Structure formats: structure tokens, C-alpha cells
Amino acid sequence: MTHPAGSSPSETKDYDAIVIGAGFAGLYMLIRLRQLGLSVRVIEAGDGVGGTWYWNRYPGARCDVESMQYSYSFSEELQQSWQWSERYPRQEEILRYINHVADRFDLRRDICLNTRVTQARYDEAADDWHVQTDGKQTLKARFLISAAGCLSAAKVPDMAGLADFKGRWYHTGNWPHEAVDFTGQRVGVIGTGSSGIQLIPTIARQAKEVVVFQRTPNFSIPAWNGPLPEDDQRAWKAQYAQMRAKARNTRSGVLYDYSQRSAFEVDEAERQAEFERRWQRGGANFTHAFNDIFTNPAANESAAEFVRHKIRSTVTDPRKAALLAPTDHAIGTKRICVDTDYYATFNLPHVDLVDLRATPLQSLVAEGIQTTAQTYALDSIVFATGYDAVTGALDRIELRGRGGLALKDKWAQGPRTFLGLMAAGFPNFFIITGPGSPSVLTNVIVAIEQHVDWIARCLAHMQASGSTHIEPLASAENDWVAHVDQVASGTLFTQTDSWYMGANIPGKPKVLLPYVGGLQNYTAICEKVIADGYPGLQFDAPTHQPA
Ligand code: NA7
């Protein structure tokens, strides 16, 4: 195989592998594929690397996993040399880190920027993939690997009147590169998930007036963010390898303090003290205060009520406090938010809260937003309305496998994968952090490294055995989907309308998209597949149809 250089192929070119996306997953996949001696093209829609962290430049954008854990572990030199500045990393700092990785490992020469994959078609006769881009390039490769991301398909809701609005509007997941100045403006924010909760306090420091349009309140825990003390950083680095190994062996890939106790093994006073201790420490560690918060409704309610009490004791206006306290879902079954000054921001005289449940949003109009009660005059509107999560980025590509079957059609009743990594009928195709893998329930970089390493080992196995074709058996896929569903049904997640369940996208089937069985258990299953010689996978000639 050749190894074409240059950054903008203009004619049809052959590669061993094409990777979709140059975020954390795509960059590490490129490194591992190069180590196997394969020729690779990474196709990236943005004009820079970074994926989700390239697009999410909204004011206040920050990761909710701590800096020392939200980074690659594959290179000891990298993890020892990079210096983080805050406990939770800002978007700019994460993007700087990703760019550093791209330079440090000389990755850019295999990345084609400003190019979106529009179509990918499996050619049965040649047993390879034909990929089309919006630049009208055609590329061919034996392997197609999606690193398109779980939170990369931003969703602007279909709202009447959007074209009529005279001011400017933005989506958090597709923020302009130039600075946006809200000074002196009346700004409307639609959406109160993680993005809205980070953005609202930041915009409130600049804007003349902020009107928050809330449909559903979310639970948020304070980050207590601040500079990362040099001593803490040194202590982490002194035992980085051990800490990373420990993290990989947890449910979510984050070194939280996972309690082994049930909420009702202790009395009320001790339960409250534990919640308080976790609140004071901050972050998503809160929901691991007891081991039955995600499975026992009463345990969950005690944690939820603790947070509601905090909201009521922070927000001085009882109307706003009542609206901000979630009562419609179990805590943690929607992604828990981690904030800086979110609830206190509603005590500011220029920040208002509109309850869209009581007075639904009717349309956008020239001057702003119209609800059933009144028109709100606004200079700018921010949509913090989320993503078509986990499957959205792949759905937006016309991706066809055997017999021209579209992946979107195969997944019409809910995604079907083997280990979240592959799909029957789509040979030589891998998905990094795909549906049916722990993905968004984890520190996603840990999940990415686990997937990329698995794919690289699988490809090395194929090289060693002279095989060029891989495809999961339909029976193996059926078994995996059944296992994913069975594990999900034992939790409270399936009872909540969340983006984890696809419930935020009209028409999307309601299925728990990530695997909720825990990263450590999932990794053990993947390791066993390798140890047992890849049962459930077929490596023979492409003419042999799977059962
Ligand atoms: P989320 O968590 O999906 O939040 C989206 C918010 O937007 C949520 O409050 C929605 O209310 C609201 N929304 C969505 N559509 C509408 C319409 N049509 N009208 C009014 N309100 C609407 O997205 P984020 O970007 O905040 O976070 C995504 C993940 O990124 C996050 O969990 C972290 O993992 C990082 P709803 O709840 O649907 O009533």
C-alpha cells in the first residue's frame, strides 16, 4: 500500500483506512493505524482539529471531568509534560491540548480539513469502502472507521419564525470563531442542559438583560472550580500510570469516590451528611454517594431532594426557585450538570426565567421570542438545545453497507451493534464510542482509548492471520443488543425522557443509547472476545454472507 502525503487529495485515492473526524477519537486512531503501517486519511469537517471541542466555543464552555483525568493516557511523555491550569479545563485549554497532540505526533499531514463525509458505500465486489465528501472527492479504503463523535450533531429545533428574527442567533455546538460581544444586549437563552447551565452565568456577566427560556429544569452540582495547585498536579503525575489503570477499572472511567453502601444502610442524618460532603467537594461525584442511586427510586429521591433543597436555599425568588428545582426525572438519569454560580445567577436583577411549560414558546418573531403569554424583545438568541446524540453524526452521512442497506434504516427501531463497535451487514466498518458501548456515560477519552486500542489489536490480528475482511455475525449482534437492553431495563435511565434515550429528537426511537453495564465490565467483555479468538466475528471471504 502507498502512503500518500499532502493535505488535500483531489482525485480518487486509495488508503488502507479512512477515519471520519479529527477529535480525540480520530487523532488517536490515526496514531494507532500508523503504528500498524497502514495508510490513513482522516476527514474532518472543521478547519481545525478538536471535534466537539473545536465547535463548542460558547462562553463558559468547560469539561465536567477534571483536567488531570480528561486527557490521553497513551503517552507517558505527553501526560508528564502537559500542564493543566484549572481543576476543570476550559474549552480553549482543551483545544490547545488537542492541537499540541496533533503537532507533537505529526498528525496533520494525514488529516484533510474543511471536508465533510457525505456518503460512504461498501462495495461488495471489491470488499472496500467508497467515500464521498462535500468537496466531491472520492476516496477508497479497505476500512472505514467512524470517529464522528457522540455530541457533534448540533440540533437547532424547528421553530416557526426563525428566519424572521432580526437579531443574531447562535447554537452552542456551532459557535462562531470570532468573539461574540453581548455587552448592552438583551439575550434570550433557550435550553437549560449542561451547555445552557455553563453559558447563562457567563453571559449574565456581560449582557444588559438575560431571559432564560426553560422547558425542563436540570440538576446541577457546583464545580468549585479554581486553579489547579501545582502540588496536586505533581502528585497525580507521580503515579499517573496507576491512577489511569484504576480509572479504567471503574464504571465511568473517572476516579470518583464510588460508595459501596446503599442509601438506606445509613440513617437520615448520615445520609444527609454524605450528600453535604459530596456537595462541598463538587462535581458529578455527587451521584455516587450511594450505590443504589441509579437503581432504587427511594435512594434517588433522597439525593434529588437534597439538591432541590440547595436550589431553594440559593435562589431568593420562590417562583424561580420552584421552577429551577427538577421534579420530573430521577437525578442522574439526565446527564448531571456541573456549574459555576448557575443558581445564584437567578438572583441577579437582570436575569429572568420563563417557564415554557406554563407559557409555551409559540414562535420567533422579528423582535424576539413570542410565548403564549407575551413577546420578549431580544437582540440575540442562544440555542443551547443540544444534540442528536450518539447516532446523529452517522445518521447525517449516507452510509450504506451490504445490499445498499442504509445504516439509518438498519437503526430505524434503535441502533444495533456488536459491542457498540461494529454492525452486521457493514463489513470492515468500526465505530468509536458507538451506541451500545459505554460512551457518553464515561470519561469519553478513556472510552475512546479503549475502543481505539481494541480496533488496533483486532486489525493487528487480521494482519497476522492474513485476513482483510471483518464483519460481526447477526447472531452476535442480536445477543449484544439483548444484553444492552437487559442491563438498561434494571436501571432508572429508561424511565426518563433524555438525550441518552434519544427522546430529545422528534421521531427518534426511545432506546438507551449507551451501554449502562459499566466501563470496567464492558472492557472485560471486549478483552474476552480477543482472548477467545474473536467469537461472533467473521474474518473470511466477503462472498460468505453472515447468517
Ligand atoms: P441538552 O442536555 O440536550 O439540553 C438541551 C436543552 O434545550 C434542554 O433544556 C431542552 O429542554 C432544551 N430544548 C431543546 N429543544 C427545545 C425546544 N424546542 N424548546 C425549548 N427548549 C428546548 O444539551 P446540552 O448541549 O446542554 O448538553 C449536551 C451534553 O453536552 C451534556 O449533557 C454534556 O455531556 C455535554 P428539554 O429537557 O428537552 O425539555
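One-based numbering, in listed order, for ligands and for the atoms of each. Because the structure is predicted, anything quoted here is derived from the model rather than measured. Just the heavy atoms: all of them, side chains too, but no hydrogens, waters or symmetry mates, feed the values below.
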For [X], take its heavy atoms, then give the atoms of ligand 1 lying under 4.0 Å from any of them.
| X | value |
| --- | --- |
| G386 | 3 (O), 5 (C), 23 (O), 25 (O) |
| M159 | 17 (C), 18 (N), 19 (N) |
| L151 | 29 (C), 30 (O), 34 (O), 35 (C) |
| T216 | 36 (P), 37 (O), 39 (O) |
| L356 | 20 (C) |
| T192 | 6 (C), 8 (C), 9 (O) |
| G191 | 6 (C), 7 (O), 9 (O), 12 (C) |

Any atom of ligand 1 sitting under 4.0 Å from a heavy atom of R357?
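The answer is yes: ligand 1 sits under 4.0 Å from a heavy atom of R357.
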
Sub-4.0 Å heavy-atom contact, K334 with ligand 1
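In this structure, K334 qualifies as a contact of ligand 1 - some heavy atom is under 4.0 Å.
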
Tell me, which protein residue and heavy-atom name are nearest [atom], and how many Å apart are they?
| atom | result |
| --- | --- |
| atom 4 (O) of ligand 1 | G193 CA, 3.5 Å |
| atom 25 (O) of ligand 1 | S195 OG, 2.6 Å |
| atom 3 (O) of ligand 1 | W499 CD1, 3.3 Å |

Angle class for the [X]/[Y] ring planes (parallel below 30°, perpendicular above 60°, tilted otherwise)?
| X | Y | answer |
| --- | --- | --- |
| W480 | H483 | tilted |
| F294 | H288 | tilted |
| F306 | W279 | perpendicular |
| F24 | Y72 | perpendicular |

Mind checking whether F213 contacts ligand 1 via backbone (N, CA, C, O), side chain (CB onward), both or neither, at a 4.0 Å heavy-atom cut-off?
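Answer for F213: neither.
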
Side chain, backbone, both or neither: which part of A384 comes within less than 4.0 Å of ligand 1 when only heavy atoms are counted?
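Answer for A384: backbone.
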
Within 45° of the six-membered ring axis of Y54 and under 6.0 Å from that ring's centre, is NZ or CZ of R57 located there?
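So R57 does make the cation-pi contact.
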
For the NZ atom of K246 and the OG1 atom of T250, what is their distance to the nearest 0.5 Å?
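The OG1 atom of T250 is 11.0 Å from NZ of K246, to the nearest 0.5 Å.
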
OG-CG distance between S67 and N225, expressed to the nearest 0.5 angstrom
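The distance works out to 7.5 Å.
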
Examine [X] against ligand 1 and note whether any of their N/O atoms are separated by less than 3.5 Å.
| X | result |
| --- | --- |
| R215 | yes |
| I190 | no |
| S194 | yes |

What about the rings of [X] and [Y], do their centers lie closer together than 6.0 Å?
| X | Y | result |
| --- | --- | --- |
| Y170 | F383 | no |
| F290 | F275 | yes |
| W499 | Y387 | no |

Checking salt bridge (Lys or Arg N to Asp or Glu O under 4.0 Å) between D388 and each of K508, K155, K408, which is the one that passes?
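Of the listed options, the one satisfying the test is K508.
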
